[in-house]
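Written below as structure tokens is the structure these notes are about.
Just so we're on the same page: letters track the sequence lines, and every chain starts at 1.
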Protein chains: 2
Amino acid sequence: MAIEEQPFKQLQHYLNSITPIAHKDFKKSRAYFKPTTLQKGEIWIDFHTVCREIAFINRGLLKTSYYDEKGREITSCFCTSNSMASSFKSFLTQRPSQLVIQALEETSLLTIRREKLHELFRKIPIWERLFRIIMEKEYEKLWDYTEGMKTELAKERYQKLLDEQPEVIQKAPVQDIATYLGITRETLSRIRKKTP
Amino acid sequence: MAIEEQPFKQLQHYLNSITPIAHKDFKKSRAYFKPTTLQKGEIWIDFHTVCREIAFINRGLLKTSYYDEKGREITSCFCTSNSMASSFKSFLTQRPSQLVIQALEETSLLTIRREKLHELFRKIPIWERLFRIIMEKEYEKLWDYTEGMKTELAKERYQKLLDEQPEVIQKAPVQDIATYLGITRETLSRIRKKTP
DNA sequence: CAAAGTATTTGACCTATGTCACATAATCCT
DNA sequence: AGGATTATGTGACATAGGTCAAATACTTTG
């Protein structure tokens with residue numbers, strides 16, 4: 001099944017970039033992940049449901065959003081290829097998700113359920129470390145995003161997004177990018193006119 | 001040593017509010033923590049040093065700050081009584097801290113070193129869960145703060161801080177509160193005039 | 001393919017917040 | 001205590017970004 005190989009190679013490469021994982025450990029890990037495809041517009045994790053899995057993104061684009069007190073939909077994250085996605089708070093605490101995660105284009109994932117992840121922790125100890133570092137990176141990412149919100153201008157945040165996740169700028173609706181940057185779509189539209 | 005009792009009772013109460021901890025487990029845990037006092041203005045964790053401990057705050061007030069690209073000092077967190085403080089990223093990864101943690105008034109802590117915490121994980125398994133939940137709460141706190149930055153006005157963020165950590169408003173310098181809220185001290189000064 | 005629906009852009013105007021300059025108050029330091 | 005230093009408040013003005021309404025452009029779908 002050569003067609004099935006590639007997504008796993010990609011996961012292996014990602015994990016290795018975090019911390020070296022022995023070939024045999026990776027081989028044993030593979031069976032815990034399930035290839036999945038989401039269609040454009042399909043909702044992976046819905047609002048108010050408990051998130052029971054986490055995914056590695058092979059290709060595609062996910063949007064994580066929520067509704068604020070004023071009822072506006074706010075994007076909190078874009079998840080792109082070669083990263084982990086989940087409604088982390090819900091996944092960790094097994095309480096209902098305040099977030100919706102939706103595919104903005106056809107997206108291929110390798111998903112793993114919470115029980116299976118815990119099994120990995122027990123059977124293949126390097127996974128404790130892998131997952132801990134993955135969570136630390138999530139924290140770090142959130143921190144950088146937060147501080148950007150406080151200390152940078154909208155156009156600087158836009159530029160940073162363009163540098164770090166250019167595919168988001170190309171593929172996501174202006175409306176969603178704007179709420180991610182903490183501005184209105186009109187303001188984003190004006191920023192774009194000046195920054196080609 | 002009745003005088004020494006109280007800080008530990010306080011820690012016990014805090015831990016119990018997270019997840020029940022057996023009396024005997026707590027009793028064994030006590031020896032891992034060391035009471036410490038910081039004078040007003042004293043730096044606990046300095047910029048560029050590796051943070052090797054985490055602390056429970058019995059009373060007092062800490063400020064966590066960093067310098068942005070434009071050289072401005074930005075407050076990223078105020079740590080008040082009955083919570084855990086650390087330069088978390090540095091503590092977890094053992095890389096140099098980008099943050100400075102400083103006492104804004106005389107502060108009493110119970111500190112625990114990283115090695116000791118790991119020993120707790122091994123010897124008193126409930127600590128795995130306790131620490132995991134503590135970290136999840138940190139993530140959650142950061143997330144709420146972030147989204148507040150994006151979707152609320154300065155005066156709403158000020159009001160929230162006043163509700164949640166009133167002692168910060170009373171005790172911290174205006175300059176530090178302002179950078180925490182992501183505004184200038186002049187703007188904060190004007191907000192205060194209208195919100196007594 | 002066209003009509004309907006949806007997303008994006010644009011203009012005019014408004015408001016929150018920033019900037020700079022100076023006044024006033026609090027704190028520090030022999 | 002009293003001058004020096006540092007923190008805070010205030011006014012006048014500047015600017016980033018928001019709001020509302022209308023105009024285009026782009027997608028859907030019958």
Looking only at side chains, do B:Thr64 and B:Ser76 share a donor and an acceptor under 3.5 Å apart?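 Result is no, nothing qualifies.
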Which whole-number value in Å describes the distance from [X] [atom1] to [N] [atom2]?
X        : N      : atom1 : atom2 : value
A:Gln175 : D:dG18 : CD    : C1'   : 14 Å
B:Lys150 : C:dT17 : NZ    : P     : 17 Å
B:Lys63  : D:dA7  : NZ    : C1'   : 12 Å
A:Ile177 : C:dT8  : CD1   : C1'   : 12 Å
B:Lys40  : C:dA26 : NZ    : P     : 14 Å
A:Leu104 : C:dA7  : CG    : P     : 12 Å
A:Leu181 : D:dG18 : CG    : P     : 11 Å

I need the B:Lys150 NZ to A:Leu181 CG distance, nearest 0.5 Å.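 Interatomic distance, B:Lys150 NZ to A:Leu181 CG, rounded to 0.5 Å: 8.5 Å.
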Tabulate protein N/O versus nucleotide N/O from nucleotides 10-17 of chain D, keeping only pairs under 3.5 Å, one per line.
residue, atom, partner, partner atom, Å
D:dG11, N7, B:Arg190, NH2, 2.6
D:dG11, O6, B:Arg190, NH2, 2.8
D:dA12, N6, B:Arg190, NH2, 3.4
D:dG17, OP1, A:Ala154, N, 2.9

Give a yes or no on whether a salt bridge exists between A:Arg132 and A:Glu128, defined as a side-chain N under 4.0 angstrom from a carboxylate O.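 Salt bridge flag = no for A:Glu128 with A:Arg132.
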Salt bridge A:Lys63-A:Glu73, side-chain N to carboxylate O under 4.0 Å: yes
Using the six-membered ring wherever Trp is involved, compare the ring planes of A:Tyr139 and B:Phe88 and label them parallel, tilted or perpendicular (cut-offs 30° and 60°). perpendicular
Within a radius of less than 6.0 Å around NZ of A:Lys155, do more than 12 heavy atoms belonging to other residues, nucleotides or ligands occur? no
